[in-house]
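First up is the structure itself, then whatever we jot down about it.
What you see is a predicted model, and the numbers here were worked out from it, not measured in a lab. Each chain gets a letter, A, B and so on, in the order the sequences are listed, and its residues count up from 1.
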Amino acid sequence: MNIVVLCKQVPDTESRIKLKGDGSGFDMDGIKWILNPYDEYAVEEALKIKEAGKAEKVTVVGLGPDRIVESLRTALAMGADDAVHVKTGDDYGDNLAVAKALAAAVKDLNPGLILTGRQAIDTDMGAVQSMVAELLGCGQINVVSKLEVDGGKVKGWRDVEGGAKQVVESSTPAVVSANKGLNEPRYASLPGIMKAKRKPVAVKEPAAAVNKAKLTACSLPEERKAGKVFQGVESVPEVVKLLRTEAKVI
Amino acid sequence: MANVLVVAEIKEGEPKKVTLELLTVGGRIASGLGGTLNAVAIGTGLGGIETKLGAHGAKTVYVADGVASYNSEGYTKILADVVAKDGSGLVFFAASSQGRDLAPRLAARLDAAFAADCVEIDVDGGKVKVKRPVFSGKAFATLTMDGTAVVSLRPNSYPVAEGAGPAAATVAAGGDFGAVKAQVVDVVAGQSGTVDLTEADRIVSGGRALKSADNFKLLWDMAKVINATVGASRAAVDSGFAPHAMQVGQTGKTVNPTLYVACGISGAIQHLAGMRTSKVIVAINKDPEAPIFQKADYGIVADLFEAVPVMQKEFEKLLAEA
Ligand SMILES: Cc1cc2nc3c(=O)[nH]c(=O)nc-3n(C[C@H](O)[C@H](O)[C@H](O)COP(=O)(O)OP(=O)(O)OC[C@H]3O[C@@H](n4cnc5c(N)ncnc54)[C@H](O)[C@@H]3O)c2cc1C
Ligand SMILES: Cc1cc2nc3c(=O)[nH]c(=O)nc-3n(C[C@H](O)[C@H](O)[C@H](O)COP(=O)(O)OP(=O)(O)OC[C@H]3O[C@@H](n4cnc5c(N)ncnc54)[C@H](O)[C@@H]3O)c2cc1C
């Protein structure tokens, strides 16, 4: 069985987000780009499954402009065998367009398991994985913190409301999205990083995107202003009173 | 002319609060699209559900009764059939764990525009327009959707209008999944009796300063008084004081309560990512320089072990008065 891991490049969590001067989009100048943290869990899980002798090969697939190859190399340095770069412009399309292009690339690789992150931490939709599952006609198990692979079946413990877990079993090929807690991603070793430089990255051109959800405005939230600060335990009754009379939340 | 179809979530025979929120704002969107507000309910024991959903504005309720457990492929099939019958221009989900799992799969099945976790929804020139947080709430994106739109809405984004409309007409929806590749084989129960963080209207959260899992009882006790749920920072979760299901933030849950009380939480950017849209933030921290005070509406510089019990007593007093 081969495993495909979808890897998205996203801005570092500490990035300051700015708007373009004309408000038409986000200004990505000077952003530090990283591999989506949830995708790291997905890569780690794929490597563990391979190390357990249940998969032969791990291929990472990313869609985006040339800079994303750097994040694909991060996954290769962790131990993935090879990579596919679905090469697009900077703003290729909406999530369905992205999912269609990724599904086409994944299909060509004929994997038994497709691992993804629970969500991309920039656009936060958590959509692409379910869309890819639908487009490939696979079962989906989203937001898992435990996974078992056994022959033609996978079983995932999916985090749902109230700390409960739904245990979902799927025939393969299946799409599984990783939550925090699934594992501890390894650091790429120096030899790993050196080796990653020589690993193959295939390049694919996707079909032109049909965009149904169009970005028409961007804005920044109103900065929360610091409110009133009170000193000492003695102030607690006063604050509680204000929660009723001023904030009206109690 | 297109209808709005609210995908209802029913718990023990009652629509969830977020479903009523969807119906309230969905009515306005339906008028904007020149259609009607309808709903679909899938599950078991749904007798009389049309009365409850109708009271909040649904005109037709499609009911697939006798579906024992959730299944993404099965629900997608049922919903796709209903959408075809209904002529929906907007299929409207809660951004719950079920909605997040299901809505994008349905969007792909329908080849429709999709947006998750929206906080505002409108109609503009006959098209559905949504606003949603991006970059962990550090910015907002407005998306305008062509054709049929599938949208999930974050709980607590809109108020619930008190409805007393007539019962809706019911239409039986086919509950047959056909063949599916994945199914739920077991459910491991979580903490019962509390509202999930993502839906909670009030949250009391604790950070590393709590020092132990036992000390979280302090927060649970206060939470009980004001009918709140308890959350935690990542530092508290990583230290083993609380389970990951309680984590608020970038790699935890995104919450949207009316009141958020942060106890012994410094206010790191990744924590703020999960709770910055809270309507009112109260912070208790003994360090007057803690960054959380920059974001809190009410800051209290004090030791939480002293302040929380006092706050609990004050809440008790206040609620006894009312
Ligand atoms: C400059 C810019 C402009 C944009 N304009 C629009 C727009 O006009 N309309 C619109 O709707 N959206 C727009 N987007 C968002 C774009 O559609 C998303 O990047 C894409 O849909 C995936 O994000 P998501 O939140 O749906 O990912 P999620 O569904 O949250 O991702 C889940 C998982 O899917 C996988 N995945 C997702 N995307 C990729 C990828 N590219 N490569 C590999 N794996 C991936 C990862 O494993 C990830 O963890 C824009 C983005 C940018 C950066
Ligand atoms: C990729 C990434 C993702 C992350 N995701 C998340 C996330 O989802 N959620 C999250 O919370 N964090 C997340 N973090 C971690 C985040 O950066 C902080 O480390 C974390 O939020 C700190 O938690 P804390 O405030 O409880 O602890 P600390 O930063 O240690 O703060 C403890 C605070 O308690 C105060 N204090 C101590 N004793 C008392 C007392 N007796 N009474 C009152 N106050 C007291 C101190 O003054 C201090 O301000 C993430 C980090 C990264 C890099």
Query raised in the report: Quick one: what part of Glu306(B) sits under 4.5 Å from any heavy atom of chain A, side chain, backbone, both or neither?
Result: both

**Report entry** Portion of Ala296(B) that has a non-hydrogen atom of chain A nearer than 4.5 angstrom
**Finding:** backbone

Query - chain B contact via Thr216(A) - side chain, backbone, both or neither, heavy atoms under 4.5 Å - result: both

Query raised in the report: salt bridge (Lys or Arg N to Asp or Glu O under 4.0 Å) with Lys129(B): which of Asp124(B), Asp122(B), Asp146(B)?
Result: Asp124(B)

**Report entry** Side chain / backbone / both / neither for Ala99(A) at chain B, heavy atoms under 4.5 Å
**Finding:** neither

**Report entry** Toward chain B, the part of Ala127(A) with a non-hydrogen atom under 4.5 Å
**Finding:** both

Requested in this report: Could you look at Glu14(A) and say if it's the side chain, the backbone, both or neither that has a heavy atom under 4.5 Å from chain B?
Outcome: both

Query raised in the report: Distance from Glu134(A) atom CD to Arg105(B) atom CZ, nearest 0.5 Å?
Result: 4.5 Å

Report task. Give a yes or no on whether the backbone of Arg234(B) and the side-chain of His271(B) come within a donor-acceptor separation of less than 3.5 Å. Result -> no

Requested in this report: Please flag which part of Ile292(B) lies under 4.5 Å from any non-hydrogen atom of chain A: side chain, backbone, both or neither.
Outcome: neither

Requested in this report: Sort Arg202(B) into side chain, backbone, both or neither according to what part of it lies under 4.5 angstrom from a heavy atom of chain A.
Outcome: side chain

Query raised in the report: Which region of Ile17(A), side chain (C-beta onward) or backbone (N, CA, C, O), has a non-hydrogen atom less than 4.5 Å from a non-hydrogen atom of chain B, or is it both or neither?
Result: side chain

Query - Interchain contact, Thr148(B) with chain A, by part (heavy-atom threshold 4.5 Å) - result: neither

Requested in this report: Examine whether an atom of Asp111(B) lies under 4.5 Å from a heavy atom of chain A, and if so say whether it belongs to the side chain, the backbone or both; otherwise answer neither.
Outcome: both

Requested in this report: Check whether Leu96(A) gets within reach of chain B through its side chain, its backbone, both or neither, counting any heavy atom under 4.5 Å.
Outcome: side chain

Query raised in the report: Side chain, backbone, both or neither: which part of Val282(B) has an atom under 4.5 Å from a heavy atom of chain A?
Result: side chain

**Report entry** Part of Lys131(B) lying under 4.5 Å from any heavy atom of chain A
**Finding:** side chain

Report task. With a 4.5 angstrom heavy-atom cut-off, could you sort out which part of Ala112(B) is near chain A: side chain, backbone, both or neither? Result -> backbone

Query raised in the report: What part of Lys100(A) gets closer than 4.5 Å to chain B, counting heavy atoms only: side chain, backbone, both or neither?
Result: side chain

Requested in this report: Name the region of Val240(A), side chain, backbone, both or neither, that has any atom closer than 4.5 Å to a heavy atom of chain B.
Outcome: both

**Report entry** Under 4.5 Å from a heavy atom of chain B, the part of Glu223(A) involved
**Finding:** side chain

**Report entry** Contact origin within Ile300(B) toward chain A - heavy atom pairs under 4.5 Å
**Finding:** both

Report task. Please flag which part of Pro221(A) lies under 4.5 Å from any non-hydrogen atom of chain B: side chain, backbone, both or neither. Result -> both

Query raised in the report: Can you check whether Thr254(B) reaches Thr198(B) side chain to side chain, under 4.5 Å on heavy atoms?
Result: no

Query raised in the report: Quick one: does Thr251(B)'s side chain get under 4.5 Å of Gln247(B)'s, heavy atoms only?
Result: yes

Query raised in the report: Tell me, side chain or backbone of Glu73(B) under 4.5 Å from chain A's heavy atoms, or both, or neither?
Result: side chain

Query raised in the report: Which region of Leu259(B), side chain (C-beta onward) or backbone (N, CA, C, O), has a non-hydrogen atom less than 4.5 Å from a non-hydrogen atom of chain A, or is it both or neither?
Result: side chain

Query raised in the report: Got Lys20(A) and Cys218(A) here, is their nearest side-chain heavy-atom distance under 4.5 Å?
Result: no

Query raised in the report: In terms of heavy-atom proximity below 4.5 Å to chain B, should Lys155(A) be classed as side chain, backbone, both, or neither?
Result: side chain

Requested in this report: Decide, yes or no, whether a salt bridge links Lys17(B) with Glu199(B) under the criterion of side-chain N to carboxylate O below 4.0 Å.
Outcome: no

Query raised in the report: Which region of Asn179(A), side chain (C-beta onward) or backbone (N, CA, C, O), has a non-hydrogen atom less than 4.5 Å from a non-hydrogen atom of chain B, or is it both or neither?
Result: side chain

Query raised in the report: Do Lys228(A) and Glu246(A) sit within salt-bridge range, that is, some charged N less than 4.0 Å from a carboxylate O?
Result: yes

Query raised in the report: Quick one: what part of Asn95(A) sits under 4.5 Å from any heavy atom of chain B, side chain, backbone, both or neither?
Result: side chain

**Report entry** Region of Asn285(B) in contact with chain A, defined by heavy-atom distances below 4.5 Å
**Finding:** neither

Query raised in the report: If we only count heavy atoms from C-beta on, is the Lys8(A) to Thr123(A) side-chain gap below 4.5 Å?
Result: yes

Query - Region of Leu19(A) that comes under 4.5 Å of a non-hydrogen atom in chain B - result: neither

